[in-house]
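In what follows, chains carry the letters A, B, and so on, assigned in the order in which the sequence lines appear, proteins first and then strands, with residues in each chain numbered from 1. Just so you know, these numbers use all the heavy atoms, side chains as well, and skip hydrogens, waters and symmetry mates.
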Amino acid sequence: MTIPSAIKKISDTVWELPTSYKAGMLVPARIIATEKLIGTMDAGVFDQVTNVACLPGIINYAYCMPDGHWGYGFPIGGVAAMDPETGVISPGGIGFDINCGMRLVLTNLTYDEVKPHLRELVDALFYRIPTGVGCTGFVRCSQDEFRNVVEQGSRWCLKHGYAWPEDLEMTEEGGCFPGADASKVSHKAIERGYDQVGTLGSGNHYCEIQVARPENIYDEETARAFGFTIPNQVAIMFHCGSRGFGHQVATDYLQIFLGVMERKYGIKVLDRELSCAPFHSPEGQDYFAAMKCAVNMAFANRQVILHRIREVFSAVFHKDPEELGMRMVYDVAHNTAKLEKHTVAGKKREVLIHRKGSTRAFGPGMEGIPDCYRETGQPVIIGGSMETGSYLLAGMKSGAETFFSTAHGSGRTMSRHQAKKMIRGQKLQRDMEERGIYVRTDSWGGLAEEAGAAYKDIDDVVAATELAGLSKRVVRLVPVGNIKG
DNA sequence: ATGTCC
């Protein structure tokens, strides 16, 4: 058993490690999980979340979500709010794949209508959306033009014919974090990123055709508000981020911070991977402006991929995407730092929220979500493994406990190495096809790494977020087709 | 996650 004996059970879904657990902790650490899920967490989670609790300026608690697992510095599933005046910003609290996120798109097609075209659709998606390590996209832009992409995000896509105006409304911050400054990004990052707009990438990035079966609608009214109105309605969910560009931004600033953190700012951390700088320092502000560029690159990336998905469906069904009802439900970001207003000790104030493998989940009535979702709360998209299905949830008022943050996926239980040893990609593809899921990949090893068996049970993760009052189930979506890198 | 090591 890896659970530390010092852990206190606060409720059925909240576990706390007190500041006495480790020297230097400024606040306690809280892990959101059921008893079953906390038992599956690796020891690294407890070590990392309590390291985060030592970071200067941290407010209330260092959190880990129910899908939490070991990551770089912070656990994946980590949430930390910092005081912008006295606190730090840490790339390890955001992740290498800055603004890795999920997007969900509807159709007005039923599974019966899609089934005869499924192979054609998946093959066309696989052909039209570049996948795999180092893949490049069809968007031709110069390195100078790419600076506009990263400063404008989805707005650039709208100007260049890759977006519907309403897509921007359905994206956090309109698909553009304000304050992005390309002059704070290295030439190397620009070089790595300028030809990668509209590409899926590798690892756990995928694009999936899914079905909303009537028995999987948990909240009929909210499902309708989110656009699920037909039995066995087909939707497309995809997951990707800022590719080599975001990775380079993170790498560059981790290095810069290591040089100044202790020498210039006198900050000591328990793990070099928690390299950070005061938020208000020149280095901290430069990273914040560069990070926003990577956030916007990821929004633009998902926007161009959406454009391609619409083209593919349009070509297969000989109808306009509008006629096929291909509107965006929402786009959620997993790996960001943001200034948000939250109630802390009874007072509304601005805090710097790090979410790393965690989804913002604003509740009903909150500012910053589209008007059409004002009553329901923000749509929350949680991607499961490609074998087991995914969820659409809604933010809840009780999400205040975690600064309105929730889980982002299943969370690995098996390392990539271990999964590749145990599972053969080609056999997995055949097995999945027998179960009605047609999958295309350019890496058998990569496919094996993403097998359902390598992940926590998505139903457990989602149930834990609902029980904890962070997000409630609306629709469970089952996969029928998948392309992955 | 990632031109999976400049």
Set of residues satisfying salt bridge (Lys or Arg N to Asp or Glu O under 4.0 Å) with respect to A:K264, sequence neighbours excluded: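 Per chain and number, A:K264 pairs via salt bridge (Lys or Arg N to Asp or Glu O under 4.0 Å) with A:E283.
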Using a 4.0 Å heavy-atom cut-off, does A:Q196 contact any base of the nucleic acid, only the sugar-phosphate backbone, or nothing at all?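 Counting heavy atoms under 4.0 Å across all strands, the contact made by A:Q196 is with sugar-phosphate only.
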Select base, sugar-phosphate, or nothing to describe what A:G244 touches, counting heavy atoms under 4.0 Å on all strands.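 Sugar-phosphate contact only - A:G244 comes under 4.0 Å of backbone atoms but never of a base.
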Separation of [X] atom [atom1] from [N] atom [atom2], in whole Å?
X	N	atom1	atom2	value
A:D252	B:dT2	CG	P	16 Å
A:K188	B:dC6	NZ	P	7 Å
A:Q255	B:dC6	CD	C1'	13 Å
A:F96	B:dT2	CZ	P	12 Å
A:K484	B:dT2	NZ	P	10 Å
A:I98	B:dT2	CD1	P	12 Å
A:Q248	B:dT2	CD	P	13 Å
A:D195	B:dT2	CG	C1'	15 Å

Phosphate oxygens OP1/OP2 of B:dT2: is one of them under 4.0 Å from a side-chain N or O of A:S202?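 Checking A:S202 against B:dT2: at least one side-chain N or O falls below 4.0 Å of OP1 or OP2.
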Is it the case that A:H205 and A:D97 place a side-chain donor and acceptor less than 3.5 Å from each other?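 Yes.
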Report yes or no: is the cationic atom of A:R103 (NZ for Lys, CZ for Arg) under 6.0 Å from the centre of the six-membered ring of A:F238, at an angle within 45° of the ring normal?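 No - A:R103 does not lie over the ring of A:F238 by the 6.0 Å and 45° rule.
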Could you go through the side chain to side chain donor-acceptor pair (under 3.5 Å) check for A:S242 and A:N99 one step at a time? CA-CA 6 Å; A:S242 50; A:N99 192 10; over 6 Å; no
